[in-house]
Structure formats: structure tokens, C-alpha cells
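Numbering of residues begins at 1 and proceeds along the displayed sequence.
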Amino acid sequence: RGSIFTNASGVFADPCAQHVLAMMLALARNLLPSFRDQQTDHSWHYTERRYESMLLTGQTVVMLGYGAIGRRLAELLRPFGMKLYAVRRTVHSEAGVHIIPEEKISAVLPLADHVVNILPDNDSTRNYVNARRLACFRPGARFYNVGRGTTVDERALVEALRSGRISEAYLDVFETEPLPADHAFWELPNCFITPHTAGGRHDQDTAIVRHFLRNLAAFQSGSAMVDRVV
């Protein structure tokens, strides 16, 4: 009691948000299939690549969780004129983002072109993205996970990808890490993987130290601290 607790979420918000945006653009613009063609048979898929490419402009995003990463992602997506929803337990107004209480998640998931999972790991979020919620996704929606691997029922997600219920998934985090070499995710052509690097940046450790020193100075002077939790 009476203690002050902060975290370093602000250090990782921008890299995680940019990582999601990068994958959204890569999937929408068919960059990944084209790269695969370059690495394999050098085939020239002009018609499908050109006419299957999409715009993010005007699409709908549902964020599961809305902390520092979600707020930064919302800022990055705003120029695309996207409709943004965020599901979280504490509901209050946010400029440009429709905050939805958890009990209404089934109503907003069918609206989403993109579902972005930014949930932390705790008792209430484990297997949060399960077969029941995946069944609410609109056919062809894309799923992204930069939260925690334990928040996703991986078997249910594999089935949703195999069936085409979800067109593509980008996953940075997994229940078991490193992801086992025989896991189905590796072989699914519509699943794209990075090795828990969404929060990475070349100056990560320096940024964490600077973040701590700024908060220490604020604590000593009685000023407002950044990323204060309690």
C-alpha cells in the first residue's frame, strides 16, 4: 500500500503497433505471396496479385485489449479512414475508437476485416480467442496476435485457418516458445510467423534505461510518472 508501480509499456507500444501495421499492409497488398514466388518457382501471377490486392482504406478493425499498443495502433491506422473498435472491461470514450464492453464482443466480431489480439496473460484471458469466438469472425477476416500466446486456443485457430473461415493469420506469440518445429502453424500457407519480435527495436535496452531514468526523475521531483499502473 502506498507504493508506486510503473511498467515499460510505452517503450514497446510503437514497435508492436508498427509491426501490426506492416503485416496488415503486406497481406492487403499481396507482398507475402509474391515474395514466396520469388523464393520458389519464379512464377508471374500478374492477374491474381493485381486484382486480389486490397486497400485498408475504410475497413474495420476490432482490437482485443486497448492499452498502450492499442492506442498507438489506432493513431497509425487513423489516416486510412478505418472504423476502429476496441474491446475492454473498462468502458469510456476514446476519440476515434468505439470502446465495446466485453459482453458485446460477439456483436462486433462479425464486422471486422481485421481482429488484432493485444491481450495480456491472466486467468480471464487464457484461450480467450477460442472456437466459439472464432466462429463469430466474418468469413475472410484476418487475425493478428501480438498479445500473449496463451490467449489463443491454437487448435481452434488451426482449424479456422484450414477451413478458410479466417483468410490469413499473422502470429508473433505462441503458447510454447520457441514454436515447435512440427507445429501445424509452420505448414499452413495462410499463416505467417515472426519469433516474438513485434516489440523489438535496435535500441530497446537503451530505451528501457532512459524510460526508467525519466520516471525516477519524475518520482524524485513529485511530477507525473509515465506508464504508471498503481
Do the side chains of [X] and [Y] get close enough for a salt bridge, i.e. N-O under 4.0 angstrom?
X    : Y    : value
R201 : D14  : no
D121 : R126 : yes
R162 : E159 : yes

query: Do any N or O atoms from the side chain of D153 and from the backbone of V129 form a donor-acceptor pair under 3.5 angstrom?
result: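 Between the backbone of V129 and the side chain of D153 there is no qualifying donor-acceptor contact (under 3.5 Å).
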
inquiry  = Looking at N30, is its backbone amide N or carbonyl O close enough to the side chain of R49 to form a donor-acceptor pair, meaning the two atoms are under 3.5 Å apart?
reply    = no

Would Q18 and L76 count as a side-chain contact (heavy atoms from CB on, under 4.5 Å) if you check the C-alpha gap in whole Å, the side-chain angles of each, and the deciding distance to 0.1 Å?
-> CA-CA 8 Å; Q18 290 188 30; L76 295 178; 3.9 Å; yes

If you look at every heavy atom in [X] and [Y], which pair is closest and at what distance?
X    : Y    : value
A141 : A112 : CB-O, 3.6 Å
G140 : S167 : O-OG, 2.9 Å
A13  : A68  : CB-O, 3.6 Å
Y66  : M63  : CE1-CE, 3.7 Å
T125 : P120 : OG1-O, 2.6 Å
V97  : A86  : CG1-CB, 3.8 Å

[X] vs [Y] side-chain heavy atoms within contact, under 4.5 Å:
X    : Y    : result
V226 : R214 : no
L56  : H114 : yes
R29  : L55  : yes
V87  : V62  : yes
D113 : M54  : no
H45  : E52  : no
V146 : F12  : no
R36  : P189 : yes

Output the distance between atom [atom1] ([X]) and atom [atom2] ([Y]), rounded to the nearest 0.5 Å.
X    : Y    : atom1 : atom2 : value
W44  : D37  : CH2   : CG    : 10.5 Å
F192 : M23  : CZ    : CE    : 7.5 Å
T57  : M82  : OG1   : CE    : 8.0 Å
L157 : N127 : CG    : CG    : 11.5 Å
R89  : I99  : CZ    : CD1   : 14.0 Å
L179 : E154 : CG    : CD    : 7.0 Å

For the residue pair Y170 and H19, categorise the inter-ring angle as parallel (less than 30°), tilted (30 to 60°) or perpendicular (more than 60°).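 If you compare the ring of Y170 with that of H19, the planes turn out tilted.
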
Report task. May I ask you to establish whether R133 and Y128 are in a cation-pi arrangement, using a distance under 6.0 Å from NZ or CZ to the six-membered ring centre and at most 45° from the ring axis? Result -> yes

Is [Y] reachable from [X] through a run of hydrophobic residues whose side-chain heavy atoms are each under 4.5 Å from the next?
X    : Y    : value
F143 : W186 : yes
L161 : Y144 : no
F174 : L119 : yes
I105 : I166 : yes
L77  : V20  : yes

For [X], I'd like to know if atom [atom1] has over 12 heavy atoms of other residues, nucleotides or ligands within 6.0 Å.
X    : atom1 : answer
E48  : CD    : yes
R148 : CZ    : no
R78  : CZ    : yes
H42  : NE2   : yes

* **Donor-acceptor side-chain pairing of N145 and N117 below 3.5 angstrom** =>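 A pair is found: one side chain offers a donor N or O, the other an acceptor, under 3.5 Å apart.
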
ask   = Using a distance-only test with no angle check, is there a side-chain donor-acceptor pair under 3.5 angstrom linking T6 and D227?
value =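 D227 and T6 do not have a side-chain donor-acceptor pair below 3.5 Å.
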
Q: Check step by step if side-chain contact (heavy atoms from CB on, under 4.5 Å) holds for R142 and M24.
A: CA-CA 9 Å; R142 290 176 171 137; M24 282 185 173; over 6 Å; no

Run V61 and F80 through side-chain contact (heavy atoms from CB on, under 4.5 Å) and show every step you take.
CA-CA 11 Å; V61 177; F80 294 96; over 6 Å; no

